[in-house]
Amino acid sequence: MSHVIEHRPEQNRFEILVDDQVAAYAEYTEQAGVRDFDHTVTEPAFRGQGLAGALVRAALDTTRAEGLRIRTSCSYVDAYVAKHPEYQDLVA
């Protein structure tokens with residue numbers, strides 16, 4: 001199974017595609033240099049494969065590279081950041 005992660009800023013979300021099908025996405029709002037991740041969804045057929053974790057890691061890495069901070073309104077993103085202290089510095 002190959003996957004591709006894409007940032008779709010026009011839709012305010014990151015997507016992970018498996019064989020050209022959206023398997024999961026993380027939506028955000030952005031204001032004043034802070035990207036608030038407020039909703040993460042993994043489609044039922046793709047759950048349990050680690051795709052959401054890969055997606056959130058890429059989204060946080062991209063956010064860092066863009067010089068932005070984060071809020072974690074989404075419980076999945078909040079739990080991910082809590083388990084990965086290397087992203088604590090991004091929290092606004």
Side-chain angles (χ1 to χ4, degrees):
M1 171 178 67
S2 65
H3 66 270
V4 175
I5 297 173
E6 296 181 351
H7 183 197
R8 302 218 182 265
E10 70 282 357
Q11 296 176 1
N12 288 352
R13 73 188 214 167
F14 289 84
E15 298 175 343
I16 188 164
L17 295 96
V18 175
D19 299 326
D20 297 323
Q21 183 177 357
V22 176
Y25 58 88
E27 295 179 334
Y28 62 86
T29 57
E30 192 173 312
Q31 186 175 17
V34 177
R35 188 170 280 165
D36 185 359
F37 287 93
D38 52 18
H39 194 60
T40 302
V41 173
T42 302
E43 297 300 332
F46 297 99
R47 292 181 183 157
Q49 301 176 35
L51 296 173
L55 174 64
V56 169
R57 181 177 56 249
L60 295 176
D61 288 343
T62 299
T63 299
R64 175 179 278 135
E66 293 174 353
L68 301 172
R69 306 287 305 275
I70 66 166
R71 281 197 189 92
T72 58
S73 296
C74 169
S75 60
Y76 184 87
V77 176
D78 187 58
Y80 186 91
V81 171
K83 290 179 185 175
H84 296 87
E86 64 271 26
Y87 293 109
Q88 290 291 325
D89 64 307
L90 291 177
V91 179

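Heavy-atom basis, side chains included; hydrogens, waters and symmetry copies ignored.
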To the nearest 0.5 Å, how far apart are [atom1] in [X] and [atom2] in [Y]?
| X | Y | atom1 | atom2 | value |
| --- | --- | --- | --- | --- |
| D61 | E66 | CG | CD | 11.0 Å |
| H3 | Q21 | NE2 | CD | 15.0 Å |
| R57 | L55 | CZ | CG | 10.0 Å |

State, without any angle test, whether T63 and R35 hold a side-chain donor-acceptor pair at a distance under 3.5 Å. yes
Can you check whether [Y]'s main-chain N or O pairs, donor with acceptor, with [X]'s side chain at less than 3.5 Å?
| X | Y | answer |
| --- | --- | --- |
| Y87 | Y80 | no |
| R69 | L90 | yes |
| E15 | R8 | no |
| D38 | T72 | no |

Exercise: identify the closest heavy-atom pair between V22 and R13: CG1-NH2, 4.3 Å
Heavy-atom pair with the smallest gap, counting every atom of H39 and C74: N-CB, 3.6 Å
So do the side chains of [X] and [Y] get within less than 4.5 Å of each other, counting heavy atoms only?
| X | Y | value |
| --- | --- | --- |
| L51 | V18 | yes |
| K83 | V81 | no |
| V77 | T40 | yes |
| L60 | H84 | no |
| S2 | D19 | yes |
| E43 | Y25 | yes |
| E30 | L68 | yes |

Side chain to side chain contact (heavy atoms under 4.5 Å, CB included) between E6 and V4: does it pass, once the steps are laid out? CA-CA 6 Å; E6 296 181 351; V4 175; 3.9 Å; yes
More than 12 heavy atoms of other residues, nucleotides or ligands under 6.0 Å from CG of D20: yes or no? no
How about Q88: does its CD atom have over 12 heavy atoms from other parts shown lying under 6.0 Å from it? yes
Please verify the inter-ring angle class for F14 with F37; under 30° counts as parallel, over 60° as perpendicular, anything in between as tilted. tilted
Honestly curious: do V41 and I5 fall in one hydrophobic cluster under the side-chain, below-4.5 Å linking rule? no
same_hphob_cluster(F46, I16) at 4.5 Å side-chain heavy-atom cutoff: yes
Set out, in order, the CA-CA distance, both residues' side-chain angles and the distance that settles side chain to side chain contact (heavy atoms under 4.5 Å, CB included) for N12 and E27, then state yes or no. CA-CA 6 Å; N12 288 352; E27 295 179 334; over 6 Å; no
Applying ring-ring contact (aromatic ring centres under 6.0 Å, His included) to Y28 and H7, what does each step give before you reach the verdict? CA-CA 11 Å; Y28 62 86; H7 183 197; 5.7 Å; yes
